[in-house]
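Report on the following structure.
For the numbers below, each heavy atom of this structure counts, side chains included, while hydrogens, waters and symmetry mates do not. All residue numbers refer to positions in the sequence shown, counting from 1. In each ligand, atom 1 is the first atom listed, and ligand 1 is the first ligand listed.
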Amino acid sequence: MTKSALMFEEGNREMKSLLGGKGANLAEMTRAGLPVPPGFTITTQACLDYYRQNQQLSENVMKEIESTLQRLEAVSGKSLGDTANPLLVSVRSGAVFSMPGMMDTVLNLGLNDETVVGLARLTGNERFAYDCYRRFIQMFSNVVLGIDHYQFEEIIERKKEERGINDDPALTTSDWKEIITSFKELVHTEDGHPFPQDPREQLLRSIVAVFDSWNNHRARIYRNIHKIPHDLGTAVNVQMMVFGNMGEDSGTGVAFTRDPSTGENRLYGEFLLNAQGEDVVAGIRTPQPIRTLADIMPDVYEQFAATCQKLEKTYADMQDIEFTVERGTLYFLQTRNGKRTAHAGVKIAVDMVKEGIIDKETAISRVDPDQLDQILHRRVDPTAKLHVLTKGLPASPGAASGKIVFDADTAERWAQDGEAVILVRTETTPEDIHGMVASTGILTSRGGMTSHAAVVARGMGKACICGCEAMKVDGKNKVVTVEGITLTEGDLLSIDGGTGHVIQGEVPLIDPELSVEFQELLQWADEFRTLGVRTNADTPADVAKARQFGAEGVGLCRTEHMFMEVERVPIVQEMILAENADERQAALDKLLQFQQSDFRGIFQAMDGLPVTIRLLDPPLHEFLPNMEDLLVERTTLSLQAEVDHIELAKKDALLRKIRALHEFNPMLGHRGCRLGLIYPEIYAMQIEAIFLAAREAVSAGGTVQPEVMIPLVGHVNELKEMRTLVDEIATRIQAESGLTIPYLVGTMIEVPRAALTAEEIATAADFFSFGTNDLTQTTFGYSRDDAEGKFLHQYVDRNILPENPFITLDTEGVGKLVQMGVEGGRRVKPDLKTGICGEHGGEKASIAFCHQTGLDYVSCSPFRVPLARLAAAQASLQKKE
Ligand code: PEP
Ligand code: MG
């Protein structure tokens, strides 16, 4: 039978799934002989048992808790409820995966009307004892009985007003005693029962409350965001209290063994003198930097710093450590792998390889590709003139601009309406999590670098500034004042989480650059990956950027984007509206010039590497004006005093053409190779531009490998006919110039029939590129724009689909078609080149699938190329394992 409760000394760090992360690490520290207050862990198994018994603690579990508690009493030399020498404990959650601040905690448990007297006598500090008691009543009543915090705070505020004082420390022992009487009355009224005096009842009810908090709203949201299963349950840690609030020789703090924002190798953290645990994390008082501890308590600091280094070596990772100093004695309350920004994550991983702490494989697997978006985010243009309002603590890097909102619900609502918002608050609490998810940036006037806002923002990769004390936030009236300027809800504000600058209005942003460490990590990734990485890019500038990021070719150049440029649209329209072949050819000749120079630029930027160019894909009406706008224009024109009949006739012609091209389902309409087959002159122009550009590049001494790609093929005959067109033009241009241009002709596989008939299609193709955007649309029968706008998010919320299949490849359905396509194609042509160019080519889980399926490469947008390199390396390391 699995144990329901284990003393810290009985566990170790390998036992995370039973003891939770916190419990396993407390056990490990205890075994290593560090000063950890004694305690025990109630296991995740006990939590699951509790849920199986319809939220009841079973006899067995209660018995084990009792016997383990007795062992704690023996070790500590104190007893729960003993009026002479009372044991006080903390009760904290600790799940397998850390979920900071999401679940509940109760401190100072074991106090009642009698033990408080004992504590006062024992410590010789009556005021301290009653302060602890009132804290306990407040926390227990909130967590276990569900009574709102503010009701207690109001009682304290009233007392302070009555006494004409501002700060809690000015309250005397008798003030606290009176406050406690009012607290108990409040509890009696709200709960219908007196405040429980039996410490064992207090303990069991607190354990149950922590088990229940596994399923509270914010914890569920957090698990959804971080893809943590909902059925793991949490462990509960019961630990002897040590007190950071026993005077100026006591304190409590949080430290990271390296800077979680930049990754720099130095002890980083903060502490509060004369304070209890939650005060630091809650961000209620702004703490002091850890370095100042060296001046105040030099011995403690030295011991602390040395132990931190030891812990980092043991875990071979950056640690996030909670500690308390009680009357000059140091205690460790927690260590865990610290959350960090992507930038810091990369630096720490690379530095640790160089310091001999981890190997390259570990470094590669430790950086989450999803987090890289942060590094590749744009940042504030350093040359821009900014109206900096004030400066706060740079808690999480990145730049963000948006409209000010003061509460999480508004943040969520406005974000759903497509607004970028900055959440501005005094401090954040776990209840704000949905608003933080919805915001582009977070700004608080209080709290330090380890406050809730800072920790959560770093985990989410959002820009965040904390402790911006020059700023007065009035959430009730929705105004914030800073340096004499008043801003209200909806005003534009920017924050730079890297510098801590709060800036009025919107700011200009620039592209990111890769740090030396990041480039090094990516080079290591290249040593381990087998999957190629190309880019989806349509301009020479984008292609050059992607190459800088490590792209090994272009996997998709969407030529229609070149047609959309302002100066070209009228020519494209001329081509579409042409009344005869000559007119059409004249327009095509003009377009040819543009395309040729586009391709030349792209070939040069990718010199020596393959470039896949897709011929025109969207339906022609996308290049024509909107019919409703045109109707309005036509009506206005016809109502003028002097009607311009020539102009009116032009509008009518345009309207006729738009009507003729109108489609009921454009996504399934006259697009892709269906255009090339009906209007071969358009594709002919594009093919000609490709080979003329290639010829130019080769004549200039370059090396080109054009790959002409035919979109939306569903039947081999479509491809055969288009291939003939490509071969004819390529042969002619090579013959004219006497140059050899090695080229390939291939197809997108983006409708199910293409995958199902891959063997036939491969006879006419040199390569397959899976267009999983369209393949997902056509496999599910969803039009993406309609699905995402209407029902898809509900499908995901209600677990009908595990994820949005347009973001993460549906391996069971769409993936099966990809597999069939690859296998079918290779049966006919064993060396058929295969790749993916749908958006999934830049998503880590889909990349892993592509690796397993044996594709040759993935192709993604330039800014995702580094992510793809890393994810591809992780996929091949995983396969090895
Ligand atoms: C695809 O369908 O996956 C694809 C890459 O083409 P597009 O997104 O341009 O339709
Ligand atoms: Mg497509």
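Ranking the protein heavy atoms by distance from atom 9 (O) of ligand 1 puts Arg558 NE, 2.7 Å first. From the protein, the heavy atom lying nearest to atom 10 (O) of ligand 1 is Asp774 OD2, 2.9 Å.
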Donor-acceptor list for residues 860-868 side chains, cut-off 3.5 Å, not counting sequence neighbours:
residue: Arg864; atom: NE; partner: Gly842; partner atom: O; Å: 2.7
residue: Arg864; atom: NH2; partner: Gly842; partner atom: O; Å: 3.1

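Applying the salt bridge (charged side-chain N to carboxylate O under 4.0 Å, His left out) test to every pair with at least one member in residues 797-815, sequence neighbours left out, gives these pairs: Lys227-Glu803.
No part of Asn536 comes within 4.0 Å of ligand 1, judged by heavy-atom distances. Residue-level proximity to ligand 1 for Asn773 is carried by backbone and side chain together, each with a heavy atom below 4.0 angstrom.
Looking at Glu560 next to ligand 1, no N or O pair under 3.5 Å apart turns up. On a distance-only criterion, Gly771 and ligand 1 share at least one N/O pair closer than 3.5 Å.
Geometry note: the Mg ion (ligand 2) is the vertex, Asp774 OD2 and Glu750 OE1 are the arms, and the angle is 100° (rounded to 10 degrees).
For the pair Arg614 and ligand 1, a heavy-atom separation below 4.0 Å is found.
Phe549 is listed as a side-chain neighbour of Leu514, based on a closest heavy-atom distance under 4.5 Å.
Look at Glu574 and Lys590 and you find a salt bridge, because one of the NZ, NE, NH1 or NH2 atoms lies within 4.0 Å of a carboxylate O, short of that distance. A salt bridge does not link Arg671 with Glu560: none of the charged nitrogens is closer than 4.0 Å to a carboxylate oxygen.
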